[in-house]
Structures are given as C-alpha cells and as structure tokens.
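Below is one structure, written out as structure tokens; the observations come after it.
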Amino acid sequence: MLLVAGPASVELARRISEVSGLRISRLSSKLFPDGETYFRFEEKLESEDVVIIQGTHPPQNKNLIDLLLLAHSARSMDAERVLVVAPYLAYMRQDKSFLDGEVVSSKAIMEVFEKIQVDKLVTIDAHAPWIFEDVFMPVENLSGVRLVAEHMRELDLSNPAFVSPGKKAQQILREVAASLKAEVFTVETKRDLLTGEVEIGTLQGDIRGRDIVIVDDVITTGGTLVKIIKRLKGAGARRIIAGCVHPILVNGADQKILEAGVESIVGTDTVPSRYSKVSVAPLLAETLKKV
Ligand code: R5P
C-alpha cells in the first residue's frame, strides 16, 4: 500500500505515514501560470493499493479538483485499488433541494467519485452521512467527534458538560461523557434557507457554574457557536471550550468565538489550522490497516 500526499494534506499524510509505517510515494506538483495544477507521479502505481490523502477544505474547488485529478490518474495508471481519504469532504452541505431548482452538490460529487471508479472513500464526520446509503462505492465515515471529546480529559474541568448543536454527535458524546462523569446537553439549531441565519433553540438542563465543552462537527463562520456561547454565558457557565472536528474558521471566525468568551478552540488536523490540536492520523492509520 502506498500513500499519496495531496497538496492540501501533506502534513497529515506525513503523520499517517509515521504512525502506520506506510510509505509516501513521490509526487511532484506545480501550478501553471493560470493557476491550474500540474502533477506527476514519480513512481509506478501499477498493481499497488494507492491511498490518496487530500482534504477538500477551502479552497474547496482547487482541493477537490486536485483530488479528482490524482484519483483519476492513479486509476489510469492501473493501481490495484484506489482509496481516497478526504478527511474533510466538501460540498456535502447541500444534500437535497430545499428550494426548487437547487443543485444537490453532494450527489454530484459522489457520482464523480464513482465514475472514476474509486474503490473506497474514507472521510470524517461528513455533514450529511445519510447520503452514503445511496452510493454504490464503499464509504467509511469515521468519527472525529470522539477524539475531540476524549481530548477534554487533558483539561482540568470541574463539573463538566458537553453541549452539542443538533443531535448528530449526541450518542458518541454520551459514551465519552459516561467515563468523564459529565452530562450531555443538546441545543437545536435551525438555519433560514434564504438568509443562512441560524436560530438556536432552548438549552435543556442547568449549567450554572459548570465547565462546558461545545463539540460541533465543523466551525465555518462561527455564527452558530457565537450564539450558543452567548446563551451559555447568560445561563451562568463557568469555563467554555469550543471543540470541533473541522476547524474551517473563515472570515475571522476564531476571533469572533474567542471574543464571545471561550477559553480556547480545539479542532483536529482534518483541516490544518493553529487550532488543530488533535490528530486524526492514528484513526486513519488504523482504518487503512483494516483495508
Ligand atoms: C450544522 O449542521 C453544523 O453542525 C455546524 O453547526 C454549522 O455548519 C457551523 O456553521 P457556522 O460556523 O457557519 O455557523
């Protein structure tokens, strides 16, 4: 099995290689003057299981095209199997037409992977995992939420509670919370389909004086989190830590979150950032070993 480090995930690929002992194949790349990517595989891929590691975080369009070019090329070079590891999978937000005529981007992207004949897609906390049920290609959607929650053991929390926006992460948080003697509270969120504004529902449970760890799958603009932080502060939370799997953090989201009163932001290295304190490399290495 050979690893290919896509330009968006060079550091993560290096970590996976370190943990798994799998070798990174030599790949050269450059940008043409107009911004298009040139790649050259410097080793034969024939009869190899080739694992392309390339996140599709911003700039999504470039990172996604690079991933498709690499996967397509590995397939054309007669790799035995082509596995794609996209730790953050872009374009999953739009999993149906909420309004007439809306483009269902998640479906389009999945069909392109299938057309290229990707043998398996591995990702982490995809936005709408239910879409994989209608995909022929095997997809493994791993949980980074557990890793972020487990990281909280390293903080000296008093009377802790996890707060998760929506129900997606609830089950995993409950499992981790049980061993931390923590509680789990959920806040419902609702996004306006036209304006994108998020409304948050009521927070069940008494959080006065407690240390709170918010765990979300992704922080993008920080809008959802800032509203939750304000609500938590108003309800008397003591320390607040903002955790997420994918720290996308666009348009100064981190500043907004810190200014709203959190102590720290903890994310994983699915998306490289200064807050990527938890590595998903061991999880991915273990998954590749099973493949
Ligand atoms: C929603 O389903 C997600 O779990 C996140 O809460 C949301 O995508 C975060 O977006 P933003 O940071 O832009 O509010």
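All values derive from a computational prediction rather than experimental measurement. Whatever order the structure lists ligands and atoms in, that order sets their numbers, starting from 1.
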SB check Arg23 Glu43 (cutoff 4.0 Å): yes
Report yes if Thr220 has an N/O atom closer than 3.5 Å to an N/O atom of ligand 1; otherwise report no. yes
Atom 4 (O) of ligand 1 - nearest protein heavy atom and its distance: Asp217 OD1, 2.6 Å
Tell me, which protein residue and heavy-atom name are nearest atom 14 (O) of ligand 1, and how many Å apart are they? Thr224 OG1, 2.5 Å
If we number the atoms of ligand 1 from 1 as shown, the ones under 4.0 Å from a heavy atom of Ile219 are 12 (O)
Close approach of Val198 to ligand 1, heavy atoms, under 4.0 angstrom: no
Backbone, side chain, both or neither: what part of Thr221 comes under 4.0 angstrom of ligand 1, heavy atoms only? both
Do side-chain atoms of Asp49 reach the backbone of Glu80 as a donor and acceptor pair under 3.5 angstrom? no
Is it the side chain (CB and beyond), the backbone, both or neither of Thr189 that lies under 4.0 Å from ligand 1, heavy atoms counted? neither
What do you reckon, does Gly222 put a non-hydrogen atom under 4.0 Å from ligand 1? yes
Name the closest protein heavy atom to atom 1 (C) of ligand 1, giving the residue it belongs to and the distance to 0.1 Å. His127 CE1, 3.9 Å
Atom 6 (O) of ligand 1 - nearest protein heavy atom and its distance: Asp216 OD2, 2.5 Å
